[in-house]
Protein chains: 2
Amino acid sequence: MESKRTSPIGRPRGFDADEALERAVRVFWAQGYEGASLDDLTGAMGITRTSMYRAFGNKEELFRQALQRYTEGPASYVARALGQPTAREVATTFLAGAIRSTTQPDCPAGCLGVQGSLAAGESGRRARDLLAAWREGGTAYLRERFQRAVDEGDLPVGADPGLLARYLMTVANGIAVQAAGGTAADELQLVADMALQTWPPARS
Amino acid sequence: MESKRTSPIGRPRGFDADEALERAVRVFWAQGYEGASLDDLTGAMGITRTSMYRAFGNKEELFRQALQRYTEGPASYVARALGQPTAREVATTFLAGAIRSTTQPDCPAGCLGVQGSLAAGESGRRARDLLAAWREGGTAYLRERFQRAVDEGDLPVGADPGLLARYLMTVANGIAVQAAGGTAADELQLVADMALQTWPPARS
DNA sequence: AGACTTCGGTATCAGTCGGTACCGAACGCC
DNA sequence: GGCGTTCGGTACCGACTGATACCGAAGTCT
């Protein structure tokens with residue numbers, strides 16, 4: 001039984017949903033969830049409100065999918081960092097990726113996961129909570145990675161994986177705020193270097 | 001020539017403008033500039049739109065005054081930190097104050113200067129820029145203080161006051177984001193302690 | 001060819017946004 | 001008391017918010 005169709009029935013959509021989503025990411029990134037109106041979004045996506053609602057459901061769902069897209073794109077440095085062989089390399093790669101992503105010249109400054117919705121009115125509460133969970137998820141990934149590092153003997157037995165993860169995420173979020181305010185990448189790299197000076201030494 | 005009046009002419013206002021402003025601070029703090037509607041604000045302030053406009057000008061001006069009030073109130077820890085006798089005490093007091101202020105149980109979590117408006121649509125752009133300048137001003141104060149510390153011999157001659165200031169502000173802003181996400185004060189204090197381990201030693 | 005399904009555009013919805021005109025009420029000054 | 005001024009409340013403004021109903025167009029399937 002092959003249920004896969006060569007093409008879905010009915011009129012095919014006349015735009016590239018992937019590219020439209022990517023445009024939406026930029027708008028949410030630059031203006032936040034509440035600050036991005038449907039006109040802003042559909043204008044940048046190059047489609048009408050009707051097409052957006054049919055393809056993505058509603059504004060909140062569009063934001064959800066935009067966040068996922070952001071995770072796989074601009075924020076893919078997180079997964080890349082987690083894959084580094086040592087805890088120290090995880091940390092340095094993570095912060096370097098955060099700096100690079102938040103100061104990319106052809107992208108909005110800052111981090112969608114931070115400035116997308118930190119404080120919000122009633123209408124943006126769901127988006128705010130979604131982002132808080134997203135950030136907390138990142139912290140959890142780091143914690144698990146550092147726990148593994150302790151287990152593997154890559155970090156001292158006394159090291160606290162939860163604290164190291166929280167510390168890194170705190171610095172990264174601070175970097176995102178700085179970047180949103182216009183601080184340059186090279187200056188942020190000096191900050192990251194300083195933050196990494198306290199990193200526990202690898203066990204020999 | 002005494003131009004001072006015992007009381008201004010005309011009908012006196014029937015509410016405490018200071019207390020109303022303090023209520024407005026809470027709303028902006030919790031919901032951000034764009035997320036706080038006039039109904040939210042005036043409802044919390046206990047006054048009508050008309051009274052608000054007469055007393056404060058408009059929403060943007062109200063936000064300006066709320067930010068100033070916030071600076072003198074919840075964010076007064078900055079000035080207190082700057083007055084500490086040594087650079088190290090400035091740093092520890094600054095971060096401790098940031099943690100305390102962003103996790104106060106009877107106040108919104110986080111920092112108004114960060115979550116008030118990080119990313120915004122057209123209507124909130126002025127507020128966003130105002131807050132960016134506010135944060136940059138805090139960094140400048142720290143830099144001047146650390147420059148003085150270098151001059152006074154309190155910090156090593158090789159220390160970079162600008163980097164130290166940026167570093168501290170980055171960690172503090174990161175703490176604010178963590179606090180907005182619900183991270184507890186004691187956990188943030190551990191992060192601050194770790195961040196301060198790299199602090200340059202005082203010259204003996 | 002004709003049935004069926006989806007797409008995209010227009011036009012519109014009720015609700016909310018920030019901001020104001022208007023007016024009677026309440027006060028200080030003379 | 002009368003005048004001038006400010007206050008506070010109602011009622012309203014045009015613009016915009018997110019979200020839909022409707023309908024012809026454009027496809028696939030039998």
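Order of the sequence lines sets the chain letters (A, B, ...), proteins ahead of strands, with each chain counted from 1. All of these numbers come straight from a predicted model, not from anything done at the bench.
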Candidate pair B/M194 and A/Y167, rule side chain to side chain contact (heavy atoms under 4.5 Å, CB included), full reasoning: CA-CA 8 Å; B/M194 183 168 171; A/Y167 175 73; 3.5 Å; yes
Aromatic [Y] / basic [X] pairing, under 6.0 angstrom, 45° off normal:
X      : Y      : value
B/K59  : B/Y53  : no
A/R143 : A/F146 : no
B/R13  : B/F15  : yes

Side-chain donor or acceptor of B/R145 paired with backbone N/O of B/Q84 under 3.5 Å: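 At least one qualifying donor-acceptor pair exists.
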Side-chain donor or acceptor of A/S101 paired with backbone N/O of A/P74 under 3.5 Å: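 Yes; judged by distance alone, with no hydrogens or angles, the pair exists.
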Report, one line per pair, each donor and acceptor closer than 3.5 Å where one atom sits in a side chain of residues 110-122 of chain B; sequence neighbours left out.
from, atom 1, to, atom 2, distance (Å)
B/Q115, NE2, B/W29, O, 3.0
B/Q115, NE2, B/A109, O, 2.8
B/E122, OE1, B/R125, NH1, 3.3

Separation of atom CD in B/Q31 from atom P in C/dC17, rounded to whole Å: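 Going from CD in B/Q31 over to P in C/dC17 covers 10 Å.
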Rounded interatomic separation in angstrom, taking CE from B/M45 and P from D/dG9: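 Distance check: B/M45 CE to D/dG9 P gives 13 Å.
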Footprint string (nucleotides 15-25 of chain D, 5' to 3'): B base within contact, S backbone only, - free, heavy atoms under 4.0 Å: --SBBBB--BB
Distance below 4.0 Å between A/T48 side-chain N/O and C/dG9 OP1 or OP2: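 Yes, because at least one side-chain N or O of A/T48 sits under 4.0 Å from OP1 or OP2 of C/dG9.
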Members of residues 13-20 of chain B that approach DNA chain D, where some heavy atom sits under 4.0 Å away: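 Contacts with DNA chain D under 4.0 Å: B/R13, B/G14, B/F15.
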Residue that, paired with B/F63, satisfies side chain to side chain contact (heavy atoms under 4.5 Å, CB included) out of B/N58, B/L131, B/V25, B/L41: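 Among the candidates, only B/L131 passes.
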